[in-house]
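All figures in this text were calculated on a predicted structure; none of them were measured in a lab.
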Amino acid sequence: MDVLIWFWEYVLPFLVILSVVVFVHEFGHFLVARWNGVRVEVFSIGFGTELFGRTDRNGTRWKVCLIPLGGYVKMFGDADATSATQEPREMTPEELAVSFHGKRVWQRMAIVAAGPLTNFAFAVLVFALMFMTVGQPTTPPVVGEVIPDSAAAAAGFQVGDRVVSIDGAGIERFTDIQRIVQLSNGRTLTVVVSRGEAPVTIAVAPRISETTDNFGNSRRIPLLGLSVSRVEQAMVRHGPLSAVVESVRQTYTVVEATLVAVGQMIAGTRGTDELGGPLRIAQFSGQAAQTGWINFVMFIAILSVNLGLINLFPIPMLDGGHLLFYSVEAARGRPLTERTQEYGLRIGLVLVFALMVFATWNDLIQLKVWDFLVGLVS
């Protein structure tokens, strides 16, 4: 029974979310490939043994496979699912005309970039639809409470202060304050507040605190010690144009937060224990599903943005690595040698595999799976 509950609450939402964002990503590759006259042989959700599928009138095999941790589009002339190498045989002019590697470099770049860009477009669409129907939560950036003995109390914040800007960035909602503080990683912020008739400038360094969320997950995050004003949070419904503007802004916020966090991890100013793999994504998927369909749909959009962004990293094996190779080819007027590309792909494979192992190890530690396994044998 516990296994069934675990599957229903965590595994199933994870599979649904992952399948949606992977389908969106691969469908972007598929559409632009077809628009450029490339024959697509396989469109797969998952890897390994095929569970079920069908072949359309254009000869594309659409299938769902046993291992649901990704997907791929295999185009005519590809030696494998990565589209990084082509079949080691001579093609006729007719075959070359419908193969991926027979297209001009800009066409190949468009096909490769289409996957991540479709993830971004999908997220914008989801956010826009949510903002038009459900509405966008909006809370004024007014201080309702200053927590005693907090960083905000020590810096001199007062109840009723309206935050105007932080480090020069304008503040429109209380969530803007939370976002900037969480990305600060504890560095000193310059905050301008409106107090009475005059602006007041406050320098404050958020304190890193150990907190526990509603699901019992322990996290270390920067906190100021401010609570929102005692006003009812408004759900503002937008028209089509303003919804698109706000959804683009929301997508940009997710991208910015991800890049800042990755940069801080690389610089060593942020712990890498926040880097999660499939187990953590499954956990967050289940939590989003348990808190309602709105959070579930929003999490799909956020994960779509992250999938698109990660795939644009210039690492061979990822879309960004292919774009890097094709950019060099466009600049040189000829492609890199097969040996150079092969070495690049090997390095990329090692990096991606190492990242997956590290992220999964973090999952095992953070979710206390490792402690459970050790307890079984000790």
Side-chain angles (χ1 to χ4, degrees), residues 15-89 91 95-123 125 300 303-326 329 335 341 344-345 348-349 352 356:
L15 295 179
V16 170
I17 289 177
L18 189 63
S19 296
V20 169
V21 297
V22 167
F23 178 85
V24 168
H25 181 91
E26 300 302 335
F27 196 64
H29 291 313
F30 172 82
L31 277 182
V32 178
R34 291 296 304 271
W35 289 341
N36 283 278
V38 176
R39 184 191 306 167
V40 179
E41 295 184 327
V42 178
F43 188 115
S44 176
I45 299 298
F47 302 98
T49 304
E50 178 180 332
L51 297 178
F52 58 88
R54 60 177 291 272
T55 302
D56 66 19
R57 57 188 179 87
N58 295 309
T60 301
R61 181 67 180 176
W62 298 74
K63 62 181 184 179
V64 174
C65 295
L66 181 63
I67 305 174
L69 299 177
Y72 63 91
V73 169
K74 184 177 182 299
M75 303 175 206
F76 180 74
D78 293 343
D80 51 42
T82 67
S83 296
T85 57
Q86 61 187 95
E87 294 179 354
R89 68 177 180 86
M91 293 186 182
E95 290 177 327
L96 195 61
V98 295
S99 72
F100 174 78
H101 296 279
K103 298 301 177 180
R104 296 184 180 91
V105 64
W106 67 265
Q107 292 175 300
R108 282 176 275 142
M109 293 178 72
I111 294 169
V112 169
L117 294 181
T118 304
N119 280 124
F120 294 139
F122 173 75
L125 176 63
I300 292 177
L303 194 62
S304 182
V305 174
N306 279 284
L307 177 64
L309 181 61
I310 290 171
N311 266 278
L312 285 176
F313 288 177
I315 300 174
M317 293 295 295
L318 300 181
D319 292 333
H322 296 326
L323 288 173
L324 178 62
F325 284 165
Y326 298 147
E329 178 181 342
Q341 294 188 52
L345 292 173
L349 179 61
V352 171
M356 289 182 62

Nearest non-hydrogen partners of [X] and [Y], listed with the distance:
| X | Y | answer |
| --- | --- | --- |
| N311 | L318 | O-CB, 3.8 Å |
| P116 | D319 | CD-OD2, 3.4 Å |
| S44 | C65 | OG-SG, 3.4 Å |
| M75 | E41 | O-OE1, 4.1 Å |
| V112 | H29 | O-CE1, 2.9 Å |
| P316 | F325 | CG-CZ, 4.2 Å |

Could you tell me whether the side chain of [X] and the main chain of [Y] form a donor-acceptor pair under 3.5 Å?
| X | Y | value |
| --- | --- | --- |
| S304 | N119 | yes |
| K103 | V98 | no |
| T60 | D56 | no |

message = The criterion is side chain to side chain donor-acceptor pair (under 3.5 Å); which residues satisfy it with Q107, sequence neighbours excluded?
response = N36
request  = Can you sort out the partners of W62 under ring-ring contact (aromatic ring centres under 6.0 Å, His included), two or more places apart, ordered by chain and number?
outcome  = F30, F43
Return the [atom1] to [atom2] distance between [X] and [Y], rounded to the nearest 0.5 Å.
| X | Y | atom1 | atom2 | result |
| --- | --- | --- | --- | --- |
| L18 | I45 | CG | CD1 | 8.5 Å |
| I67 | T49 | CD1 | OG1 | 7.5 Å |
| R108 | L323 | CZ | CG | 11.5 Å |
| R54 | R61 | CZ | CZ | 9.0 Å |

Salt bridge (charged side-chain N to carboxylate O under 4.0 Å, His left out) involving R34 - partner list, sequence neighbours excluded = none
With a 4.5 Å limit on heavy-atom distance, are the side chains of [X] and [Y] in contact?
| X | Y | result |
| --- | --- | --- |
| F27 | T118 | no |
| V105 | M109 | yes |
| L312 | F120 | yes |

